[in-house]
Trainee: 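Please find one structure pasted underneath; my questions will follow.
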Amino acid sequence: MAKHVGVHQAKIHLSELLREAERGERIVIERYGQPVAQLTALPDSSPVQRQLGEWAGLWAAPDDAFSEAADAEVARLFEGRET
């Protein structure tokens, strides 16, 4: 059986409705009591599994990345100051 919600409720509770759809529930969105859209999960919508540290060793910060000179350069770039 489908869950019926109005457009306003769908806007307010979209994250919750998406979780319900991921669990397999069918959501029907209505406007003025008339069905206009259906929210269902895609066949391959399983959450992406990420492994902690999978990018370890692929990038390294330069030795001077956290020096005072680097901090001043970043501040200058953000503030748009010329050297």
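This is a predicted model, so every value here is computed, not measured.
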Trainee: Following the transitive rule for hydrophobic clusters with a side-chain heavy-atom cut-off under 4.5 Å over Ile, Leu, Val, Met, Phe, Trp and Tyr, establish whether Val7 and Ile12 coincide in one cluster.
Mentor: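 No; Ile12 is not reachable from Val7 via cluster members.
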Trainee: Tell me whether the count of non-hydrogen atoms from other residues, nucleotides or ligands lying under 6.0 Å of CG in Leu52 goes above 12.
Mentor: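 Result for CG/Leu52: open.
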Trainee: If you define the side chain from C-beta out and look only at heavy atoms, does anything of Val28 sit under 4.5 Å from Val5?
Mentor: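 No. Closest side-chain heavy atoms not under 4.5 Å.
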Trainee: For the atom pair CG (Leu17) and CD (Gln9), what is the distance rounded to the nearest 0.5 Å?
Mentor: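 Separation between the atoms: 9.0 Å.
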Trainee: How close do Ala21 and Ala41 get, counting heavy atoms only, and between which atoms?
Mentor: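 Nearest pair, atom of Ala21 first, then Ala41: O-CB, 3.1 Å.
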Trainee: Got a sec, which residues hit side-chain hydrogen bond (donor to acceptor under 3.5 Å, both in side chains) with Glu68, two or more places apart in sequence or on another chain?
Mentor: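 Not a single residue meets the side-chain hydrogen bond (donor to acceptor under 3.5 Å, both in side chains) criterion with Glu68.
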Trainee: State which residues pass side chain to side chain contact (heavy atoms under 4.5 Å, CB included) with Glu16; sequence neighbours excluded, sorted by chain then number.
Mentor: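 Result, side chain to side chain contact (heavy atoms under 4.5 Å, CB included) vs Glu16: Lys3, His13, Arg19, Glu20.
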Trainee: Are there more than 12 heavy atoms of other residues, nucleotides or ligands under 6.0 Å from atom CD of Glu79?
Mentor: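 For Glu79, atom CD is crowded (more than 12 foreign heavy atoms under 6.0 Å).
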Trainee: Rounded to the nearest 0.5 Å, how far does CD1 of Ile27 lie from OG1 of Thr40?
Mentor: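 These two atoms lie 9.5 Å from each other.
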Trainee: Going from CD1 on Ile29 to CD on Gln34, what distance comes out if it is rounded to the nearest 0.5 angstrom?
Mentor: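 That separation rounds to 15.0 Å.
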Trainee: Not counting sequence neighbours, which residues clear side-chain hydrogen bond (donor to acceptor under 3.5 Å, both in side chains) with Lys11? List them please.
Mentor: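 Partners of Lys11 by the side-chain hydrogen bond (donor to acceptor under 3.5 Å, both in side chains) criterion come out as none, since no residue qualifies.
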